[in-house]
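Just so it is clear, the values below take in all heavy atoms, side chains as well, and ignore hydrogens, waters and symmetry mates. This structure is a prediction, so every number in the text was calculated from the model and none was measured. Here is how names work: the chains are called A, B, and so on, in the same order as the sequence lines, proteins then strands, and each is numbered from 1.
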Amino acid sequence: MKYDHKAIEKKWQERWDVAQSFKASDSPRPDKKFYILDMFPYPSGDGLHVGHVEGYTATDIYSRFKRMQSYDVLHPMGWDAFGLPAENYAIKTGVPPQQTTDKAIDTFRRQIKELGLSYDWSREVGAHTPEYYKWTQWFFLFLYNNGLAYKRMAKVNWCPKDQTVLANEQTVSESGEKGVCVRCGTKVIQKDLEQWFFKITDFADALVDDLDQVDWPESTKINQRNWIGRSEGAEIEFAIAGSDQKIKVFTTRPDTLFGATYMVLAPEHQLVQDLKDRIENWSKIETYIEETKNKTDIDRASEGREKTGVELKGVKAINPANKEEVSVYIADYVMGGYGTGAIMAVPAHDERDAEFAAKFNIPVRRVVEPVTMQTVGSSAFKQNDPFVDSHGVIVFLKHWAEDKYMGLKWRDASDWGTLLTGGIDEGMTGEDTTRKEILEETGYKNIKSLRQLTTIHSKYYHVPKKLNRFGHAPVFVVELADGERDTVSDEEQTKHERLWLSVDELKTFLTAESHQLALSILQGNQYTGAGILTDSGKFTGMQSEEAKQKITKSVDGSMVKTYRLRDWLISRQRYWGAPIPVVYDPEGKAHPIPEEHLPWVLPTDVEFRPTGTSPLGQSKELLDRTEKIFGKGWRPEIDTMDTFVCSSWYYFRFADPHNAQEFASKDALQKWLPVDLYMGGAEHTVLHLLYARFFTKALQKHGYVSFGEPFKKLRHQGIILAEDSTKMSKSKGNVINPDDVIREYGADALRMYEMFMGPIEAMKPWSTKNITGVARFLERVYRLQRADDVVELPNNHVLAQTVKKVTEDIEALKLNTAISALMILLNELETLPQAPHAAYHTLITLLAPFAPHMASELAEKHGIDLSVWPTYDESKLVADSTTIAVQVNGKVRGTVELGVNASESDALNAGRAVAGKWLDGKTEQKALYVPGKIINFVVV
RNA sequence: GCCGGGGUGAUGGAAUGGUAGACAUACGGGACUUAAAAUCCCGAGAGCCUUUAAACGCUCGUGAGAGUUCGAGUCUCUCCCCCGGCACCA
């Protein structure tokens with residue numbers, strides 16, 4: 001009998017809907033709650049795509065699994081419904097965003113239900129509804145009242161033809177040209193507007209540090225850290241000659257202060273204006289400032305990085321270290337918003353400064369030298385010899401008299417001169433004794449280098465001629481012992497790009513010339529690493545790390561932390577967003593709208609076509625409302641909020657979605673949050689995650705929540721590519737529509753196929769023909785005959801193993817291998833005339849999270865209880881006997897069938913019998929038996 | 001340039017340091033059928049030896065090269081290539 005997916009899936013979807021089967025408890029047990037969340041989607045007019053299906057199916061399987069394990073599960077869905085596409089569509093067609101959005105949501109909801117996803121629909125929220133954005137506005141007020149929201153001038157991308165503000169992603173034309181309007185191709189200019197900011201930088205440190213507490217993909221954490229970009233350095237003041245004004249700079253390299261031969265201010269730096277009277281070439285300066293203003297950041301970066309700038313004639317600064325006068329420039333390679341907006345430039349030790357100095361003929365002064373090889377004795381080494389060489393080079397030496405080794409390696413300043421010594425015997429491995437001793441003796445933390453130490457035992461010692469991937473750390477592995485030199489032909493050397501050295505060559509190499517060679521390997525004459533100071537007054541001879549502190553102190557500077565992270569600009573000159581709850585009095589002063597007037601409703605009497613002002617500026621209703629409530633002459637704020645604001649707190653709302661008094665009650669938050677598992681794509685989430693974490697930290701600081709991280713565990717689903725392994729796109733016409741797949745194969749098959757494709761986080765191509773694999777599997781399950789009488793499965797361990805595997809794999813979200821385990825069980829059951837009772841029931845139960853419709857149908861038919869997740873008997877996991885391989889010298893020479901309780905000698909004897917012909921006439925040196933794994937004989 | 005993630009059959013992919021290629025797709029052969037579809041069974045990494053043919057046997061094989069180990073897809077080092085993110089951040 002054929003499985004009728006259409007009828008059966010419909011039947012169960014309707015039942016689940018009517019019964020509200022997945023409604024979350026109002027009183028979850030604290031130790032048994034699980035909040036499983038998907039990133040709520042933007043309901044695009046194109047409907048659900050297969051990428052959504054992947055993530056949603058994974059969390060659905062996990063949710064159903066957790067429910068079967070008797071957890072109280074909260075698994076909600078909502079809509080990130082404000083945003084640009086609906087507004088752009090409105091501009092084109094005049095159809096109001098409300099309409100298109102509601103329609104899109106209906107489509108999404110229908111599609112999601114047709115996938116059999118187990119959401120609690122009683123908690124559905126939409127960010128565009130007044131009930132929701134009332135609380136988005138409340139969050140604005142909350143931040144404002146706590147000094148975390150403020151207003152200031154900021155640049156926006158402006159299209160002079162369309163008379164509209166453009167988002168950054170709208171400044172790239174379809175052909176990829178940057179800095180132009182996406183619609184009309186006009187060159188985008190920069191315009192200053194008063195805009196609102198959230199002070200996320202107040203939490204910069206916590207946002208970096210607390211990443212250690214969460215179970216997230218390492219790469220996502222790294223992206224967050226990079227985005228925040230915390231760096232430690234010094235602030236140092238340079239006096240301006242003949243003035244009491246000072247230029248404050250931020251530098252991570254105060255150790256190079258003596259090499260600072262000029263300074264650069266960002267063109268927008270206030271001091272440039274303050275110094276106007278002293279500047280002799282003001283008109284040139286003014287022109288340059290004007291030019292910079294009209295450049296977007298994209299321009300600044302895209303112009304080939306050719307350095308430009310103008311000297312401030314008549315202004316000189318004094319290097320506080322050596323009291324020398326240096327000239328001052330403005331240049332757009334220095335950013336106003338980072339550090340102090342001014343730098344001391346050290347052309348000898350910074351690539352950018354070097355480029356600029358070359359162009360403007362500014363003197364270069366070297367003040368840091370790479371540490372040079374000083375001691376390669378001809379006598380035994382002494383423990384305390386300053387044994388050093390150049391540029392992050394690794395050197396390992398074998399002591400030629402005492403058969404001991406000495407290794408040395410560093411990559412950066414903090415590693416400087418670390419000496420690895422110790423009595424390391426030939427026989428030791430890097431794994432145990434050596435590592436331990438070396439760690440204790442030197443405090444050296446880099447395990448990798450210890451791994452390297454074991455390499456010394458090997459036969460080959462090489463010097464790569466080319467730079468390795470660190471760009472500046474060629475690896476030297478050498479042996480000074482007399483004796484074997486491998487003779488290698490010139491071709492061989494060229495082929496492997498290695499330089500083989502005899503002991504004699506090595507001696508030369510390691511002395512005077514070694515430094516020069518290392519230098520020549522390195523990039524030209526530029527040295528940006530740490531080292532030993534030269535030409536730096538009393539600091540000469542000091543190491544960089546120490547000098548940083550001491551030099552900073554000597555010029556009354558201070559050590560500070562600086563961040564790349566800027567405050568979050570939330571103003572959008574857009575219609576389809578949450579209105580910013582602010583009004584202006586007749587003097588133009590901003591006032592927050594009192595909470596009792598929320599929601600501050602988005603008006604509908606606006607045109608969507610750009611008219612040079614934010615769309616809300618045209619609303620008569622909004623203006624009237626403002627004057628009516630606040631008085632004559634008052635004006636409303638006409639910008640709306642970035643949609644990231646809406647998505648920064650929605651996970652709180654799901655805990656208590658209908659609360660009219662609070663964004664969520666403390667009680668509900670206490671019960672459900674934080675989110676236990678959060679699933680979403682990796683592509684656009686750096687900002688979302690950062691902003692959500694910021695909101696949580698702000699709430700925590702003011703006592704609303706008791707935790708600082710909203711998402712305990714985060715996983716990403718990968719991108720699903722089209723069949724030709726390119727990105728799916730409407731223009732290429734290679735988009736797969738889930739509706740079509742469901743119609744053809746059913747929702748269960750689609751769900752299982754997407755999970756079976758590969759690891760959830762991997763990027764993988766769609767393949768329609770591969771769906772037949774899981775579709776066939778489901779058909780075979782449906783056809784499988786269940787025995788009426790009780791029979792034992794001959795290979796009962798297969799059943800126990802399947803339960804174990806599927807349970808562990810779902811827990812780890814390795815759903816592809818969980819499914820293949822189910823397939824193996826089915827294959828096994830099909831070898832029998834009829835499937836034994838217990839095994840059949842277990843199969844259907846294990847299948848339930850993956851293919852809930854079919855499992856429910858079969859469960860109903862056979863009276864199977866799907867509410868309890870199966871367990872397994874540990875003792876049944878192992879088969880009575882196993883086949884293990886017999887190796888001789890590591891090569892497989894046969895297999896042997898061994899009972900579970902076979903003794904080592906029995907096993908080895910059985911092995912000898914099998915491998916007899918390989919052992920004859922040889923001396924057995926070693927015999928290994930690893931139970932359940934392998935037998936290996938070492939012979940010579 | 002910097003930071004991540006990868007490289008395994010024709011394809012998607014499996015493999016706590018222990019018989020590489022599970023599971024599936026496509027493919028080849030067979031059964032059933034008037035035929036096709038569906039279904040079921042069997043085969044299959046590359047090469048060599050021998051041979052009518054096969055079996056047996058052997059060698060090689062997880063991007064390349066080296067190392068550690070009784071044993072490496074897995075650990076260490078170097079090199080090559082692909083993908084993603086950031087990018088004048090001092």
Side-chain angles (χ1 to χ4, degrees), chain A residues 2 217-220 222-223 225-227 229 231 233 249-253 264 297 300-301 305 307 331-335 337-340 342-346 350-353 355-356 394 429-431 447-448 450-460 462 464 466 468-469 471 474-475 477 495-498 562-564 682-683 686 719 753 756-759 761-767 769-774 776-777 779-780 783 816-817 819-824 827 830 883-895 925-928 930 932-939:
Chain A
K2 183 132 170 87
E218 207 46 46
S219 61
T220 305
I222 289 167
N223 280 342
R225 286 194 192 99
N226 289 348
W227 192 267
S231 68
V249 302
F250 171 73
T251 177
T252 54
R253 294 293 305 275
V264 186
D297 287 351
R300 275 198 187 187
R305 296 191 179 181
K307 295 279 179 296
D332 66 6
Y333 82 92
V334 174
M335 307 286 134
Y338 182 79
T340 60
I343 61 161
M344 63 178 217
V346 186
D350 181 280
E351 270 180 57
R352 294 152 301 174
D353 296 346
E355 247 177 78
F356 190 88
I394 304 167
T429 67
E431 276 303 320
I447 302 299
K448 279 181 184 168
L450 296 172
R451 285 291 194 165
Q452 185 67 63
L453 241 174
T454 65
T455 308
I456 213 85
H457 297 295
S458 71
K459 230 175 150 193
Y460 304 114
H462 62 265
K466 281 174 62 173
N468 71 5
R469 76 171 104 100
V475 174
V477 180
K495 190 170 140 207
H496 298 299
E497 290 174 336
R498 293 207 172 105
T562 303
Y563 307 86
R564 203 190 80 109
E683 311 83 65
V686 182
I719 294 170
Y753 168 62
F756 190 58
M757 287 170 84
E761 69 281 0
M763 181 189 281
K764 43 209 178 281
W766 180 269
S767 166
K769 69 181 183 203
N770 280 8
I771 300 175
T772 53
V774 285
R776 270 178 212 161
F777 166 76
E779 291 279 355
R780 281 161 56 203
R783 278 200 307 267
N816 54 331
T817 47
I819 290 172
S820 73
L822 292 174
M823 289 173 167
I824 291 168
N827 289 347
E830 280 181 335
T883 308
I884 73 170
V886 180
Q887 298 183 335
V888 177
N889 287 344
K891 284 198 188 343
V892 179
R893 298 302 185 189
T895 58
Q925 289 202 321
K926 201 168 174 181
L928 281 110
V930 184
K933 304 279 188 194
I934 204 103
I935 292 170
N936 192 11
F937 298 104
V938 185
V939 300

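- Nucleotide B:rG13 holds its P atom 9 Å from the OH atom of A:Y753, rounded to whole Å.
- Between A:W227 and A:Y563, the ring centre distance reaches or exceeds 6.0 Å.
- In terms of position on RNA chain B, the residue among A:A342 and A:P759 whose nearest nucleotide sits closer to the 5' end is A:P759.
- Comparing the P positions of B:rU8 and B:rA64 gives a spacing of 10 Å, expressed to the nearest Å.
- A:F356 does not carry A:K307 over the face of its six-membered ring by the limits of under 6.0 Å from the centre and within 45° of the normal.
- Taking atom P on both nucleotides, B:rG71 is separated from B:rG18 by 14 Å, rounded to a whole Å.
- Remark: P of B:rC40 and CG of A:N827 are 10 Å apart, rounded to the nearest angstrom.
- When every heavy atom of A:N936 is checked against every heavy atom of A:G890, the shortest pair comes out as OD1-N, 3.3 Å.
- Using a 4.5 Å heavy-atom cutoff, the side chains of A:F937 and A:L928 are not in contact.
- Between B:rA22 and A:N816, no contact under 4.0 Å exists linking OP1 or OP2 to a side-chain N or O.
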Item to complete: May I have the step-by-step check of side chain to side chain donor-acceptor pair (under 3.5 Å) for A:N827 and A:R780, ending in yes or no?
Response: CA-CA 9 Å; A:N827 289 347; A:R780 281 161 56 203; 2.5 Å; yes

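- Nearest heavy-atom pair across A:S231 and A:T252 is OG-CG2, 4.1 Å.
- With both pairing distances under 3.5 Å, B:rA64 is matched to B:rU78 as a Watson-Crick or G-U wobble pair.
- For B:rG43, the paired nucleotide is B:rC27, the pair qualifying as Watson-Crick or G-U wobble because both relevant distances are below 3.5 Å.
- Using a 4.0 Å heavy-atom cutoff across all strands shown, A:S767 reaches no nucleic acid atom at all.
- Nucleotide B:rG4 is matched to B:rC83 when pairs are restricted to Watson-Crick or G-U wobble geometry with both distances under 3.5 angstrom.
- Closest contact between the side chain of A:I824 and the listed nucleotides B:rA14, B:rC23, B:rA26 involves B:rC23.
- Picking from B:rC86, B:rA90, B:rG71 the nucleotide with the shortest atom distance to the side chain of A:W227 gives B:rC86.
- Comparing B:rC80 with B:rA46, their C1' atoms sit 23 Å apart, to the nearest whole Å.
- To the nearest angstrom, P of B:rG85 lies 8 Å from CD1 of A:I719.
- When Watson-Crick and G-U wobble pairs are counted only if both distances are under 3.5 Å, B:rA38 pairs with no nucleotide at all.
- Taking the side chain of A:I222 as heavy atoms from C-beta on, and the options B:rU19, B:rC83, B:rG4, the nearest nucleotide is B:rG4.
- In this structure, A:T220 and A:P765 both approach RNA chain B, and ranking their closest nucleotides by distance from the 5' end singles out A:T220.
- Closest approach of A:W766 and A:M757 over heavy atoms only: CA-CE, 4.0 Å.
- Residue A:M763 has its side chain nearest to B:rG84 when only B:rC70, B:rG84, B:rU16 are considered.
- Side-chain atoms of A:S820 lie closest to B:rC23 of the nucleotides B:rU19, B:rC23, B:rC86.
- Side-chain atoms of A:M823 lie closest to B:rA24 of the nucleotides B:rU19, B:rC88, B:rA24.
- For A:R564 and B:rA87, the shortest distance from a side-chain N or O to OP1 or OP2 is below 4.0 Å.
- Of the P atoms belonging to B:rG4 and B:rU78, the separation is 14 Å, rounded to the nearest Å.
- Between B:rG9 and B:rA20, the two C1' atoms lie 11 Å apart (nearest whole Å).
- Applying the 4.0 Å criterion to OP1 and OP2 of B:rC3, one finds that A:S219 has every side-chain N and O outside that range.
- The separation of B:rC27 from B:rG85, taken at their C1' atoms, amounts to 40 Å, rounded to a whole angstrom.
- When rounded to the nearest whole Å, the span between CG of A:N889 and P of B:rU59 equals 12 Å.
- The distance between atom NZ of A:K764 and atom P of B:rC23, rounded to the nearest whole Å, is 21 Å.
- Contacts of A:T562 with the nucleic acid, taken as non-hydrogen atoms under 4.0 Å apart, are absent.
- Of the candidate nucleotides B:rC40, B:rC70, B:rU19, B:rU19 has the atom nearest to the side chain of A:V892.
- Rounded to whole Å, the P atom of B:rG73 lies 15 Å from the corresponding atom of B:rA66.
- Using P as the reference atom, B:rG5 and B:rU76 are 12 Å apart when rounded to the nearest Å.
- Between B:rC40, B:rG12, B:rA26, one nucleotide has an atom nearer to the side chain of A:R783 than all others, and that is B:rC40.
- Counting non-hydrogen atoms under 4.0 angstrom, A:F777 reaches nothing in the nucleic acid.
- The side chain of A:S231 sits closest to B:rA90 out of B:rC70, B:rU19, B:rA90.
- At whole-Å resolution of the value, NZ in A:K933 and C1' in B:rG17 are 9 Å apart.
- The CG-P distance, from A:D350 to B:rA90, rounds to 9 Å in whole Å.
- Side-chain atoms of A:Q887 and base atoms of B:rG18 include a donor and an acceptor less than 3.5 Å apart.
- Which of B:rU25, B:rU59, B:rU19 sits closest to the side chain of A:R893 comes down to B:rU59.
- Using a 4.0 Å cut-off, some side-chain N or O of A:K926 falls inside it from OP1 or OP2 of B:rC70.
- Glycosidic conformation at B:rG9 (O4'-C1'-N9-C4 for purines, O4'-C1'-N1-C2 for pyrimidines): syn, within 90° of 0.
- Nucleic acid contact class of A:N770 (heavy atoms, under 4.0 Å, all strands): sugar-phosphate only.
- In this structure, CZ of A:F756 is placed 7 Å from P of B:rA24, rounded to the nearest angstrom.
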